[in-house]
Amino acid sequence: MKYWGHALMSVQDILIQRIRERGPITVAEFMEIALYHPGLGYYATAAQRSGRAGDFYTSVDVGPLFGELVAEQIAEMWERLRERGATTFDLVEAGAGNGRLARDILDALAAAHRGAYARLRLTLVEASAAARAAQHETLRDHRARIVGSVPDLPSSVRGVILANELLDALPVHLVTMTGAGLREILIGEHDGRLVETEGPPSDPRIAEYLASAGATLERGARAEVGLAACRWIDAAASALAAGFLLLFDYGHEAPQLYSPTHYSGTLAAYRAHTAGAAGWLQDPGSADLTSHVNLTAIRQAAEAAGLTTMGIVDQTYFLIALGLAERIEKGDDLPVIKRRLAARTLMMPGGLGSTMKVMAFGRHTGRGTLRGVAHGRLT
Ligand SMILES: C[S@@+](CC[C@H](N)C(=O)[O-])C[C@H]1O[C@@H](n2cnc3c(N)ncnc32)[C@H](O)[C@@H]1O
């Protein structure tokens with residue numbers, strides 16, 4: 001609850017007010033308000049939501065090792081653009097949270113790639129004002145490299161646009177296949193409670209999206225449709241004048257995502273590292289809402305926007321190709337043990353290493369792929 005305008009309002013109150021005024025809303029609208037309402041949304045009301053005290057873990061929470069290896073990939077990207085005449089390198093991190101990944105990357109570049117570090121201009125793009133406010137402190141050792149901390153993508157980027165677990169946090173439409181064809185799950189209200197209802201698809205692009213992914217849903221099956229993720233890819237591709245788009249997220253190619261394995265869909269609410277017990281409709285604004293990314297749709301959106309796909313692999317292959325194994329040291333000192341545990345967490349089959357996928361796209365980057373995605377596969 002917060003004092004908002006002239007009344008004490010919660011996210012639930014705002015949703016109910018909107019539904020009473022305009023009728024049932026889509027799950028995408030529900031998520032937009034629950035996660036991103038400027039004063040009350042889940043992400044708006046805290047600078048950091050992941051980690052032990054939070055609701056979920058990302059690779060960044062495992063420690064600086066992830067950022068160190070991403071830095072190796074960024075150093076190679078800088079070399080590629082430098083060979084093509086670049087004199088500066090934009091590092092744009094989208095969905096940057098309070099800036100911890102950017103800090104880990106810059107720490108590693110400053111230590112091992114001074115040339116890249118000196119040419120780098122960092123822009124942090126983050127929707128949450130609370131998270132943006134924390135970034136300058138997180139990055140206090142790298143202030144000279146920061147050119148922006150903003151809510152929207154910059155207009156022209158020559159370097160890399162990077163995002164870790166951004167796409168899975170973007171609003172999705174939820175559909176179901178019925179005897180009468182494709183229907184959209186909508187959110188209505190009954191006696192002051194939020195309830196699920198159904199209607200025709202709210203947007204013709206929903207059916208187009210499923211058709212171009214080759215998705216055929218069984219009767220009764222539910223599926224998410226990530227139009228916002230495709231719009232974001234389009235915006236990122238338009239912003240990318242030359243360089244790379246490097247995305248880390250969990251998800252599947254469309255045939256797997258829309259198979260009976262995911263019959264009930266993948267939308268889930270995370271509270272204190274536990275998915276779903278209370279359901280994603282309960283107490284909006286108090287939980288992370290997330291769904292698996294449709295990798296096929298992301299690739300199609302990137303290619304339609306003129307980018308070249310450089311590789312899509314399990315994160316384990318990316319990290320190993322960039323030297324994860326070489327960074328594991330022997331020894332009984334606590335910091336060394338901690339690093340070994342971090343490496344194991346990042347690599348563990350069934351854990352972050354295989355659930356997380358790395359997608360790399362490029363524009364005007366010359367021939368050849370990138371070290372991190374040149375080999376490996378998707379599981
Ligand atoms: C799951 S969190 C990941 C945070 C961080 N990248 C990490 O790995 O720990 C998703 C972040 O993306 C931000 N976000 C969501 N939509 C965004 C958008 N369109 N542009 C920029 N940031 C956005 C959220 O506010 C949140 O901080």
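For ligands, and for the atoms within them, numbers begin at 1 and follow the listed sequence. Along the sequence shown, residues carry numbers from 1. The structure presented is a predicted model; accordingly, all values stated were derived computationally and were not measured. The figures that follow rest on heavy atoms only: side chains count, while hydrogens, waters and symmetry mates do not.
Electrostatic pairing of Arg18 and Glu21 does not count as a salt bridge here, judged by no charged N lying under 4.0 Å from a carboxylate O.
Of the N or O atoms in Ala169, none lie within a sub-3.5 Å distance of an N or O in ligand 1. Between Glu165 and ligand 1, no pair of N/O atoms sits closer than 3.5 Å.
For atom 27 (O) of ligand 1, the nearest protein heavy atom (residue, atom name, distance) is Glu126 OE1, 2.9 Å. At the shortest separation from atom 9 (O) of ligand 1 among protein heavy atoms lies Thr58 OG1, 3.2 Å. Among protein heavy atoms, atom 12 (O) of ligand 1 sits closest to Gly95 CA, 3.4 Å. The protein atom (non-hydrogen) at minimum distance from atom 20 (N) of ligand 1 is Pro151 O, 4.1 Å.
At a heavy-atom cutoff of 4.0 Å, ligand 1 is contacted by the side chain of Leu170 but not by its backbone. Contact annotation for Val60 and ligand 1: only side-chain heavy atoms (C-beta onward) come within less than 4.0 Å of the ligand.
Between Thr138 and Asn98, the side chains place no donor N or O within less than 3.5 Å of an acceptor N or O (distance only, hydrogens not considered). Side-chain atoms of Ser149 and Gln135 form a donor-acceptor pair, as typed in the model, at a separation below 3.5 Å. Looking at Asp168 and Thr290, their side chains do bring a donor and an acceptor atom within 3.5 Å of each other.
In this structure, His292 and His252 have tilted ring planes: the angle between them lies in the 30° to 60° band.
In this structure, Arg143 has no side-chain hydrogen bond (donor to acceptor under 3.5 Å, both in side chains) partners at least two apart in sequence or on a different chain. With sequence neighbours excluded, the residues that form a side-chain hydrogen bond (donor to acceptor under 3.5 Å, both in side chains) with Ser59 are Gln315.
Judged by the shortest distance from any of its heavy atoms, Leu101 lies outside the 4.0 Å radius around the atoms of ligand 1.
Between Tyr57 and His273, the gap from one ring centroid to the other is short of 6.0 Å.
A cation-pi contact links Arg145 to Tyr117, judged by a cut-off of 6.0 Å to the six-membered ring centre and 45° from its axis.
Comparing Ala228, Ala127, Ala236 against atom 21 (C) of ligand 1, the shortest heavy-atom distance belongs to Ala127. Distances from atom 23 (C) of ligand 1 to the heavy atoms of Leu167, Asp288, Leu166 put Leu166 nearest. For atom 15 (C) of ligand 1, the nearest non-hydrogen atom from the set Tyr43, Tyr36, Trp232, Tyr42 belongs to Tyr36.
Ligand 1 places these atoms under 4.0 Å from at least one heavy atom of Asn164: 3 (C), 5 (C), 6 (N), 7 (C), 8 (O). The distance from ligand 1 to the heavy atoms of Phe56 drops below 4.0 Å at these ligand atoms: 1 (C).
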